[in-house]
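Shown next, in structure tokens, is the structure this report addresses.
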Amino acid sequence: MAFEIPEGLNPQLMALAWMVGRWEGTCKGQWPDQGEFEYAAQLDFSHNGGPYLYYVGQLFEVDDRGNVGATTFMESGFWRPQADASLEIVMAHPAGIAEVWIGSIQGAKIEVRTDAVARTDTSTIAYTGGHRLYGNVESDLLFTFDRATTDHELQNYLYARLKRVERAA
């Protein structure tokens, strides 16, 4: 897993240094009332010298010719690694959802589960919880997202293998 430590990276972020940058690729998914689907995915992990990474994840429509279209999903938040290799993540979605994730960093593997999910009255998704895995495999970012809703128990929802397209500052 060769990469450069980003300049000015807070020492508390060394366990996540490999994630800093923009990652792009295809995200595939499945859901009981949607069937199988495919999106273009873009994940951005950045830092500003603080003891956290700030994150923006987006999924985009893809037409039959592979042209990328409108944003279909977006989330943003902060990844807060702790000295004991645990990880806390806070995220928000424009669909009216806020989440707190807790988990662990084990080398190039990150595993987190929701600790809390809050939804606004007008939230468009009846989301109740999730489980995510992230990993660096052959210099690619792999992730999987399992989710639960009020109508469906925890099950696989999204998965992707993304390539780094640029190193963030």
Side-chain angles (χ1 to χ4, degrees), residues 1-29 39-60 71-120 123 125 127-148 154 156-169:
M1 174 171 61
F3 63 92
E4 291 182 30
I5 302 293
E7 188 174 321
L9 188 70
N10 186 300
Q12 288 180 246
L13 296 177
M14 288 304 166
L16 298 177
W18 66 269
M19 296 184 83
V20 175
R22 173 168 288 169
W23 301 83
E24 292 181 353
T26 301
C27 178
K28 296 184 180 195
Y39 295 112
Q42 177 180 305
L43 305 183
D44 291 288
F45 293 90
S46 302
H47 72 98
N48 62 5
Y52 53 84
L53 292 181
Y54 53 96
Y55 160 79
V56 176
Q58 300 180 82
L59 299 180
F60 304 91
T71 302
T72 61
F73 176 86
M74 185 174 186
E75 62 188 11
S76 63
F78 299 92
W79 290 51
R80 302 165 14 106
Q82 305 301 307
D84 65 356
S86 65
L87 177 62
E88 301 169 351
I89 304 171
V90 292
M91 278 195 248
H93 306 257
I97 299 168
E99 304 164 282
V100 174
W101 296 80
I102 57 171
S104 62
I105 304 167
Q106 301 164 358
K109 176 186 171 191
I110 296 165
E111 183 171 8
V112 292
R113 295 183 182 279
T114 49
D115 184 51
V117 175
R119 297 187 320 263
T120 64
S123 173
I125 302 168
Y127 175 65
T128 59
H131 173 252
R132 295 185 186 201
L133 289 172
Y134 296 83
N136 186 310
V137 177
E138 299 171 345
S139 298
D140 290 344
L141 173 61
L142 275 62
F143 82 86
T144 183
F145 174 23
D146 298 343
R147 80 171 181 178
L154 189 68
N156 187 254
Y157 175 53
L158 299 173
Y159 59 96
R161 183 172 190 142
L162 308 177
K163 302 275 187 203
R164 183 190 307 279
V165 294
E166 69 182 54
R167 166 71 66 188

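Numbers here simply count residues along the sequence, with the first being 1.
Note that the OG atom of Ser104 and the NZ atom of Lys109 stand 7.0 Å from one another [nearest 0.5 Å]. Atoms CG and OG1, on Leu59 and Thr72 in that order, are 5.0 Å from each other to the nearest 0.5 Å. Note that CE of Met91 and CE of Met74 are 12.5 Å apart. Values are rounded to the nearest 0.5 Å. Note that the CD atom of Glu99 and the CG atom of Asp115 stand 11.5 Å from one another [nearest 0.5 Å].
Partner Trp79 forms a side-chain contact (heavy atoms from CB on, under 4.5 Å) with one of Leu13, Leu16, Ile105 and no other, that one being Leu16. A side-chain contact (heavy atoms from CB on, under 4.5 Å) with Ile89 is found for one member of Val112, Thr114, Ile110 and no other, namely Val112.
His47 is listed as a side-chain neighbour of Val20, based on a closest heavy-atom distance under 4.5 Å. Using a 4.5 Å cut-off on side-chain heavy atoms (C-beta onward), Thr128 and Arg119 make contact.
For the residue pair Gly49 and Asn10, the shortest heavy atom distance occurs at O-ND2, 3.1 Å. Minimum heavy-atom separation, Leu162 to Trp23: O-CE3, 3.6 Å. Considering all non-hydrogen atoms of both residues, Arg161 and Val137 come closest at NH2-O, 3.4 Å. The two residues Arg22 and Asp44 have their closest heavy-atom pair at NE-OD1, 2.6 Å. When all heavy atoms of Tyr52 and Asn48 are compared, the pair lying nearest together is OH-ND2, 3.1 Å.
Using a 4.0 Å cut-off between charged nitrogen and carboxylate oxygen, Arg132 and Glu75 count as a salt-bridge pair.
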Applying side chain to side chain contact (heavy atoms under 4.5 Å, CB included), run through Val100 and Glu88 and close with a yes or a no. CA-CA 7 Å; Val100 174; Glu88 301 169 351; 5.9 Å; no

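Aromatic ring orientation, Phe145 versus Tyr157: perpendicular (interplanar angle above 60°, classes split at 30° and 60°).
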